[in-house]
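What you see is a predicted model, and the numbers here were worked out from it, not measured in a lab. Labels below follow one simple rule: chain letters A, B, ... track the order of the sequence lines, proteins then strands, and each chain is numbered from 1.
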Amino acid sequence: MRSKAGGPRVRIAPSPTGMFHVGTARTALFNWMIARQHPGGVFILRIEDTDESRNKEEWVGAITSSMEWLGFTPDEGPYRQSEARSAHEAAAFLLRRMGYLYYCDCTTAMVEARKAPGAPPGYDGFCRDRGLERDVDTALRFRTPREGVTVVHDLVRGDVEFANDQIEDFVVAKSSGDVLYALANVNDDRHDRITHVIRGEEHLANAPKQILLWSALNAAAREDVPLPFYAHLPLLVNEQRKKLSKRRDAVATELYRDQGYLPEAFVNYLALLGWSPRGDEEIVPLSTMVEEFRLEDVSHSPAFFDVKKLTHMNGEYLRALDIEAFIAASAPWVAPWASGWRPSDREAPWREDQFDAELYARVAPLIQERVATFGEIAPMVEFFFLDEPRIDETAFAKVITNDANGRGLLEGAIERFEKVGEWVAASLHEAVAELGESMGLALRKAQAPIRCAVTGTLVGPPLFESLELLGRATTIERVRAALERPG
RNA sequence: GGUCCCAUCGUCUAGUGGCCUAGGACAUCACCCUCUCAAGGUGGAGGCACGGGUUCAAAUCCCGUUGGGACUGCCA
């Protein structure tokens, strides 16, 4: 349980909430990088499941599978906080015996009722010296020092001071006997010999309480476990500058995985939230980030999670893939029946018997630089696999129904396509160009109705390459179908 | 309300007293390329919240103001 060669021991301690919050993902990344900077570093996953309402097994699965996706394999764990229940109770017992804790039977309403208008909020210490014993309605509170200051030596923010008389006598164990997060977390960190507590800024106000508890535990147990370094990371916020919330915002890491973001790109983007690599290049390999990362360099101010930038960055990663890798990695989105994992938020875009892996392999180079996520592939290439293209009515009306040249172009195209010698992109390009010329139209105008008839839309992969792959028969058949379409 | 944190282009950031006429990236605009859409290329617009100090010199240090935010549970 000790660090190998005195390396850092860090941990992320998510509570199971049903999904893996992107903020937790970033915290995991920063912790993981610190662990990887030292050969003896240890990265621990501890699931804080002490509250029974947050103790669903599948929720734990959301944590482990996202961690796996991100590539942050824990060196220890996953531990369950709930497994240490008896250790927490023992710690509470010891602390109580040594006088650091006292029983309190005040209800929230009672505390509230005693409060003079304008009095400081929080518990007033009413039971501090009443010498209550354990009972069905007694919670255990920590006897906070009334004088002095507790300073949090924060690696990103510097020293943050809290006057002890501003820290209320907080509850450490419920009247049910269940030990609360405040103590459980500290006891676990102490037990696990955590050296760096790296977490979100929302925990900064908890830090002095935890430091007090840590010291009390050291004294009570007569074992001086060194206090960890603290590092409170800037919050991730939404466009309203509010902390990213599960209710309002797209915070589930799984969502990004389902949409077809690459974990490497996602991690790279996450690192940029509150930190930046040296130099002007933002797309950097993980190994470089691990090398350059310093908690001291982390920004102090909140960061907006910008999906647009994430998406751009993902596009860059996608384009950097060689074509085989691109094809392989996109499988869950184009041939989910053949891949081990499939996105949970969508149906297969077409039936297995409609899909043609060889054809897809030839289509892929056409769309690799046109998509930013794997999820965008299917809508762009579906006309290759569906029996009939899905027609965009607006586009159809614009370039075929309502364009004076529309039908003429389609008729001319059929005529020329039937005569094309070798059915390859270059010949088709030439054929359509000539057709356009004969009607006094630029190629960009001439190709539009054909594109719409065959692919269903006005945007997509290069037309002539697409026609080549589709074949003469299908192409002509679709152009005919468009001509026969009512309206 | 109390405690605490924060403040450079719309966004993420570089900047740690002179190298700043404030750099990069995303987004945005224009142009080029072009069979559509992208990608790519070139260029543009856009920022040190405000007010006082300190200093020969401040985006950088100090104070205040304003503005944001977190916490304030017998949740984690």
Side-chain angles (χ1 to χ4, degrees), chain A residues 13-17 48-51 53-54 81 104 106-108 117-122 137-141 152 154 157 160-163 166-168 170-182 184-185 200-208 232 234-235 237 239-243 269 272-283 297 299-313 315-316 319 366-372 376 380 395 399 425 428-429 432-433 436 442-448 450-452 455 457-466:
Chain A
S15 68
T17 59
E48 307 226 315
D49 58 351
T50 45
D51 184 19
S53 61
R54 309 193 182 194
Q81 186 159 66
C104 167
C106 300
T107 61
T108 311
D137 59 352
T138 53
L140 223 32
R141 287 184 184 272
V152 181
D154 192 292
R157 279 152 221 282
V160 183
E161 292 186 5
F162 294 84
Q166 295 293 331
I167 305 172
E168 65 169 324
F170 52 97
V171 174
V172 142
K174 299 202 246 188
S175 48
S176 64
D178 293 333
V179 171
L180 259 14
Y181 160 81
N185 178 272
E201 201 210 87
E202 69 267 30
H203 288 287
L204 183 52
N206 289 329
H232 290 94
L235 254 22
V237 299
E239 43 278 272
Q240 279 82 240
R241 299 260 113 199
K242 302 261 196 247
K243 182 168 85 162
Y269 176 69
L272 263 26
L273 262 18
W275 180 76
S276 63
R278 285 194 230 293
D280 282 340
E281 190 50 67
E282 292 187 324
I283 298 200
D297 294 338
S299 149
H300 298 187
S301 43
F304 170 63
F305 186 89
D306 186 358
V307 182
K308 283 212 183 84
K309 183 158 180 174
L310 200 214
T311 303
H312 172 268
M313 193 166 270
E316 295 229 34
R319 274 173 257 127
L366 266 28
I367 49 99
Q368 183 176 15
E369 67 181 24
R370 291 180 164 75
V371 297
E376 293 169 19
M380 193 174 285
V399 299
L428 297 165
H429 186 291
V432 175
L443 183 53
R444 54 177 293 116
K445 294 290 286 180
Q447 57 91 38
I450 301 166
R451 177 185 292 277
C452 187
T455 75
T457 80
L458 292 176
V459 300
L463 181 61
F464 306 117
E465 281 79 355
S466 298

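At a cut-off of 3.5 angstrom, the base of B:A25 holds at least one donor-acceptor pair with the side chain of A:Lys309. The base of B:U36 is not paired with the side chain of A:Arg444 by any donor and acceptor separated by under 3.5 Å.
Between A:Met380 and A:Pro461 the shortest side-chain heavy-atom distance falls below 4.5 Å. In this structure the side chain of A:Phe304 reaches within 4.5 angstrom of the side chain of A:Arg241, judged on heavy atoms. The shortest side-chain heavy-atom distance between A:Arg451 and A:Val399 does not fall under the 4.5 Å cut-off. With a 4.5 Å cut-off on side-chain heavy atoms, A:Arg370 and A:Pro462 count as touching. Between A:Glu201 and A:Arg157, some side-chain heavy-atom pair lies under the 4.5 Å cut-off. Under the 4.5 Å side-chain criterion, counting only non-hydrogen atoms from C-beta, A:Val172 is in contact with A:Phe170. Counting heavy atoms from C-beta outward, A:Leu443 and A:Val432 have side chains that approach closer than 4.5 Å. At a threshold of 4.5 Å between non-hydrogen side-chain atoms, the residues A:Gln81 and A:Asp49 count as touching.
Under the Watson-Crick and G-U wobble criteria, each requiring two contacts below 3.5 Å, nucleotide B:A38 is left unpaired. Pairing for B:U55 is absent, with no Watson-Crick or G-U wobble pair whose two atom distances lie under 3.5 Å. With a 3.5 Å ceiling on both atom-pair distances, the Watson-Crick or G-U wobble partner of B:A49 is B:U65. Across all strands shown, B:A14 forms no Watson-Crick or G-U wobble pair with both key distances under 3.5 Å. The partner of B:G1 is B:U72, judged by Watson-Crick or G-U wobble contacts that both fall below 3.5 Å. Pairing for B:U21 is absent, with no Watson-Crick or G-U wobble pair whose two atom distances lie under 3.5 Å. In this structure B:U28 sits in a base pair with B:G44, meeting the Watson-Crick or G-U test at under 3.5 Å.
In this structure, CZ of A:Arg451 is placed 12 Å from P of B:A38, rounded to the nearest angstrom. At whole-Å resolution of the value, CG in A:Asp280 and C1' in B:A22 are 13 Å apart. B:C12 atom P lies 14 Å from atom CG of A:Leu310, rounded to whole Å. In this structure, CG of A:Leu463 is placed 17 Å from P of B:U34, rounded to the nearest angstrom. Here B:U3 presents its C1' atom at 7 Å from CZ of A:Phe162, a figure rounded to the nearest Å. Nucleotide B:C26 holds its C1' atom 13 Å from the CD atom of A:Glu281, rounded to whole Å. Rounded to a whole Å, the CG atom of A:Asn206 is 11 Å from the C1' atom of B:G73. Between the OH atom of A:Tyr181 and the C1' atom of B:C75 there is a distance of 10 Å, rounded to whole Å.
In this model, the phosphate group of B:A14 is approached by a side-chain N or O of A:Ser276 to a distance below 4.0 Å at OP1 or OP2. Within the structure, every side-chain polar atom (N or O) of A:Lys308 is placed at least 4.0 Å from both OP1 and OP2 of B:U11. Here A:Arg241 does not reach the OP1 or OP2 of B:G69: none of its side-chain N or O atoms lies under 4.0 Å away. In this structure, A:Lys174 reaches the B:C75 phosphate: one of its side-chain N or O atoms is under 4.0 Å from OP1 or OP2. In this structure, A:Arg278 does not reach the B:G15 phosphate: none of its side-chain N or O atoms is under 4.0 Å from OP1 or OP2.
Toward the 5′ end of RNA chain B lies the nearest nucleotide of A:Pro277, the other residue of the pair A:Glu202 and A:Pro277 mapping further downstream. Sequence order on RNA chain B of the closest nucleotides to A:Leu443 and A:Lys243 puts A:Leu443 first from the 5' end.
Among the heavy atoms of the strands, none lies under 4.0 Å from A:Glu239. Nucleic acid contact for A:Pro234: none, since no nucleic acid atom lies under 4.0 Å from a heavy atom of the residue. Using a 4.0 Å heavy-atom criterion, one finds that A:Lys445 contacts no nucleic acid atom at all. Among the atoms of the strands shown, base atoms are found under 4.0 Å from some heavy atom of A:Glu282. Within the 4.0 angstrom heavy-atom criterion, base atoms lie near A:Phe464. Within 4.0 Å of A:Leu458, counting heavy atoms only, lies at least one base atom of the nucleic acid. Across all strands shown, A:Asp137 has heavy atoms under 4.0 Å from base atoms, whether or not it also approaches the sugar-phosphate. A:Gly436 comes within contact range of no nucleotide atom at all, as no heavy-atom separation falls under 4.0 Å. Nucleic acid contact class of A:Ala205 (heavy atoms, under 4.0 Å, all strands): sugar-phosphate only. No engagement by A:Glu376 is indicated, since no non-hydrogen atom pair under 4.0 Å with the nucleic acid exists. Heavy atoms of A:Cys452 sit nowhere under 4.0 angstrom from any nucleic acid atom. Across all strands shown, A:His203 has heavy atoms under 4.0 Å from base atoms, whether or not it also approaches the sugar-phosphate. Counting any heavy atom pair closer than 4.0 Å across all strands shown, A:Gly460 reaches a base atom.
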Legend entry - Heavy-atom protein contacts under 4.0 Å, nucleotides 40-46 of chain B, coded B base, S sugar-phosphate only, - none: S------

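When distances run from any side-chain atom of A:Phe304 to the nucleotides B:U11, B:A70, B:A76, the shortest one goes to B:U11. With distances taken from any side-chain atom of A:Thr50 to the nucleotides B:C35, B:A76, B:G69, the minimum falls on B:A76. Here the nucleotide nearest the side chain of A:Glu369, chosen from B:A39, B:C74, B:U72, is B:A39. Side chain of A:Val160, nearest nucleotide from B:U3, B:C4, B:C37: B:C4. Taking only side-chain atoms of A:Leu180, from C-beta outward, the nucleotide of B:C75, B:U11, B:U36 with the closest atom is B:C75.
For the C1' atoms, the distance linking B:G53 with B:A45 amounts to 35 Å, nearest Å. Between B:C19 and B:U11, the distance separating the two P atoms is 26 Å to the nearest Å. Between the C1' atoms of B:C63 and B:G46, the separation comes to 31 Å (whole Å).
Between the OG1 atom in A:Thr17 and the CD atom in A:Glu48 there is a gap of 12.5 Å [rounded to 0.5 Å]. Rounding to the nearest 0.5 angstrom, the gap separating the CD atom in A:Glu316 from the CD atom in A:Glu282 is 10.0 Å. Going from atom OG1 of A:Thr138 over to atom NZ of A:Lys174 covers 14.0 Å, rounded to the nearest 0.5 Å. Distance check, rounded to the nearest 0.5 Å: CZ of A:Phe162 to CD1 of A:Ile167 gives 7.5 Å.
Counting all heavy atoms, side chain and backbone alike, A:His312 lies closest to A:Arg319 at O-NH2, 4.4 Å. Across all their heavy atoms, A:Val371 and A:Glu376 have their closest contact at CA-OE1, 3.4 Å.
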At a cut-off of 3.5 Å, list every protein nitrogen or oxygen paired with a nitrogen or oxygen from nucleotides 6-9 of chain B, distance to 0.1 Å.
| residue | atom | partner | partner atom | Å |
| --- | --- | --- | --- | --- |
| B:C6 | OP1 | A:His300 | ND1 | 3.3 |

